[in-house]
Protein chains: 2
Amino acid sequence: MAVHAESLKKPFKVQMLEARESAITASVNRLLAEKGFDAMTVDEVAAEVGIAKASLYKHFSSKEALACAAMVQAMQKAQDFLEQLNEQPPESVAAENKQLQTPCHALRKLMAMTRWTLQLKLNGQMPSLPSQNSSLRATLMASRPYMDGLMRVSDLLGEWIVQAQKEGFINSALPAIAVLYTLYARACDPVVEFLKMSELHTDSEIIDMVMATCFSGLNARPYQ
Amino acid sequence: MAVHAESLKKPFKVQMLEARESAITASVNRLLAEKGFDAMTVDEVAAEVGIAKASLYKHFSSKEALACAAMVQAMQKAQDFLEQLNEQPPESVAAENKQLQTPCHALRKLMAMTRWTLQLKLNGQMPSLPSQNSSLRATLMASRPYMDGLMRVSDLLGEWIVQAQKEGFINSALPAIAVLYTLYARACDPVVEFLKMSELHTDSEIIDMVMATCFSGLNARPYQ
DNA sequence: GTCTATAATCAGATAGAC
DNA sequence: GTCTATCTGATTATAGAC
């Protein structure tokens, strides 16, 4: 019983430690979004958190572990968003947005998730992992929390994709995995940055444009 | 007159030098495609070309200059392809391919160019510059040959985009610049790598899928 | 121009006092 | 656990002989 009480109510020291580590992952997340894993230095992280570099290494054993913790946290946020979307009554999903006005519940969830991704990116909060093969990939693949989150996210999205295809709202000629990858790719779509840099459009307009190209493509659609 | 003759027929030594430098840029191009600018080391380049690192630096003053030369060559190849596409009678553009069967000449050229890009990528010949801000960006921006090529390519594509929009084959609600960026983004689309890694599809199938999502989007199109 | 050998720098990681 | 100071290795770049 004492053991249970101990594990339910965290000691003060543990709370402090977790708060500190949470502050670290938040900084890492921001830096990963801003410059990517390779360009981010451990010195920068330490400076931004306001502690010495050696102290960072007491919390995380390597730069990869540091980035991995941030990625796990980001993945958890994504999963939370999807779970909440999954539990909502389908009709209530983003009804305020005219772009989401499709009669297909599954498609509406997929679009809501894509909008969320783009918004996060425009806010500078979407960590960007190296597209090329890197030491970080191996660390992520070996991380249970990360892989568990990734699998759960993929499962949820996969279900919605198959459902939307069954209902005839997503092109069934595309393998579900290709649709999944295409949606994931919005998280690192350079079009968002390019349009943002051009300063010709608001964030909202940029999202609408990328949503349009993602779901409707470049072609004009005279019949719809 | 002697000057003209000199400049028309290149001396043997110059030919050798250009051949050597061409071999270098080819290696750099391949390495840029394989691992990107940051992960590519000058030692690797020297090893692959088969000369000493110090010799490389006699040809190119820095790693950035090295990559820049490769990018200029790649851009030149793209421009050559587009110019040739531009001079062809419109009817002859990739008539053999069923995916290019649109009555709009401009759209057909855009699609041919996109296919070409994806094919180059699948061949491991599409150099990938760092999406983030890097020292390479500055070098490229300061390079006349690169920027001239980029502008010419953008002009040609821009004309076709506007034309296809005028004829009602590309969504006119999208600014031409957004369409241009979306096409450029195919050169670094991670969906291609992901699908390739999954080993579930042939290169040809991958191209067809990415072409479909690019031009028609994910949505089913029951009316078309 | 090509080479070997070396300088210079930067960034990830650690030692050891407190 | 935090700090300062340092180590280590990798990588860009150069010196100087041929």
Side-chain angles (χ1 to χ4, degrees), chain A residues 10-25 27-28 31-32 34-71 129-130 132-140 142, chain B residues 10-25 27-28 31-32 34-71 129-130 132-140 142:
Chain A
K10 294 169 185 169
F12 181 70
K13 283 175 85 170
V14 173
Q15 283 188 37
M16 289 308 294
L17 184 133
E18 287 182 358
R20 166 59 51 91
E21 297 200 340
S22 175
I24 293 173
T25 51
S27 281
V28 172
L31 284 167
L32 281 182
E34 185 188 324
K35 30 207 322 182
F37 179 72
D38 289 331
M40 177 188 84
T41 69
V42 180
D43 289 87
E44 279 173 332
V45 176
E48 180 157 326
V49 177
I51 62 177
K53 182 161 58 167
S55 302
L56 265 190
Y57 277 94
K58 297 286 182 183
H59 291 275
F60 302 96
S61 62
S62 68
K63 184 185 178 185
E64 283 76 19
L66 204 55
C68 184
M71 295 300 300
L129 34 162
Q132 259 64 18
N133 40 326
S134 123
S135 56
L136 182 54
R137 304 287 279 205
T139 304
L140 290 178
Chain B
K10 293 169 183 166
F12 181 71
K13 282 176 87 170
V14 173
Q15 284 188 35
M16 288 308 295
L17 185 135
E18 287 181 357
R20 168 59 51 93
E21 297 199 339
S22 175
I24 295 173
T25 51
S27 281
V28 172
L31 284 167
L32 281 181
E34 185 187 324
K35 33 208 316 185
F37 179 72
D38 289 331
M40 177 188 83
T41 70
V42 180
D43 289 87
E44 280 174 331
V45 176
E48 180 157 327
V49 177
I51 62 177
K53 182 162 55 167
S55 303
L56 265 190
Y57 277 93
K58 296 285 182 182
H59 291 276
F60 302 96
S61 63
S62 69
K63 184 185 177 184
E64 283 77 18
L66 204 55
C68 184
M71 294 300 299
L129 35 163
Q132 259 65 17
N133 40 327
S134 122
S135 57
L136 181 54
R137 302 289 276 205
T139 304
L140 290 178

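Being a predicted model, the structure only gives us computed values, none of them experimental.
With values rounded to the nearest 0.5 angstrom, B:Leu129 atom CG is found 11.5 Å from B:Thr139 atom OG1. Between B:Glu44 atom CD and B:Leu31 atom CG the span is 5.5 Å, to the nearest 0.5 Å.
A:Ala70 approaches A:Leu32 most closely through the heavy-atom pair CB-CD1, 4.2 Å. The two residues A:Ala65 and A:Phe60 come nearest to each other via the heavy atoms O-CD2, 4.0 Å. Closest non-hydrogen pair, A:Leu56 versus A:Ala46, comes out as CD1-N, 3.8 Å.
The separation between A:Glu18 atom CD and D:dG1 atom P is 12 Å, rounded to whole Å. In this structure, CG of B:Leu56 is placed 12 Å from C1' of C:dG1, rounded to the nearest angstrom. Atom CD of B:Glu44 and atom P of D:dA13 are 15 Å apart (whole Å). What separates CZ of B:Arg20 from C1' of C:dC3 is a distance of 12 Å, to the nearest Å. Rounded to an integer number of Å, the gap from B:Gln15 CD to C:dG1 P is 14 Å. One atom, CD of B:Glu21, and another, C1' of C:dG1, lie 12 Å apart when rounded to the nearest Å.
Counting heavy atoms from C-beta on, the side chains of B:Lys63 and B:Val45 never come closer than 4.5 Å.
Defining each end axis of the helix from C:dG1-D:dC18 to C:dC18-D:dG1 as the rotation carrying four pairs' C1' atoms onto the next four, with five pairs an end, the two axes are found to diverge by 20° to 10 degrees.
The residue from A:Lys13, A:Glu21, A:Gln15, A:Arg20 that alone fulfils the side chain to side chain contact (heavy atoms under 4.5 Å, CB included) condition with A:Leu17 is A:Glu21.
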Report task. Classify every nucleotide of nucleotides 12-18 of chain C by which part a protein heavy atom approaches to under 4.0 Å, writing B for the base, S for the sugar-phosphate alone and - for neither, in 5'-to-3' order. Result -> BBBB---

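Of the candidate nucleotides D:dT2, D:dC3, C:dT2, D:dT2 has the atom lying nearest to any side-chain atom of A:His59.
When the side chain to side chain donor-acceptor pair (under 3.5 Å) test is applied to A:Lys53, the partners found at least two apart in sequence or on another chain are A:Asp43.
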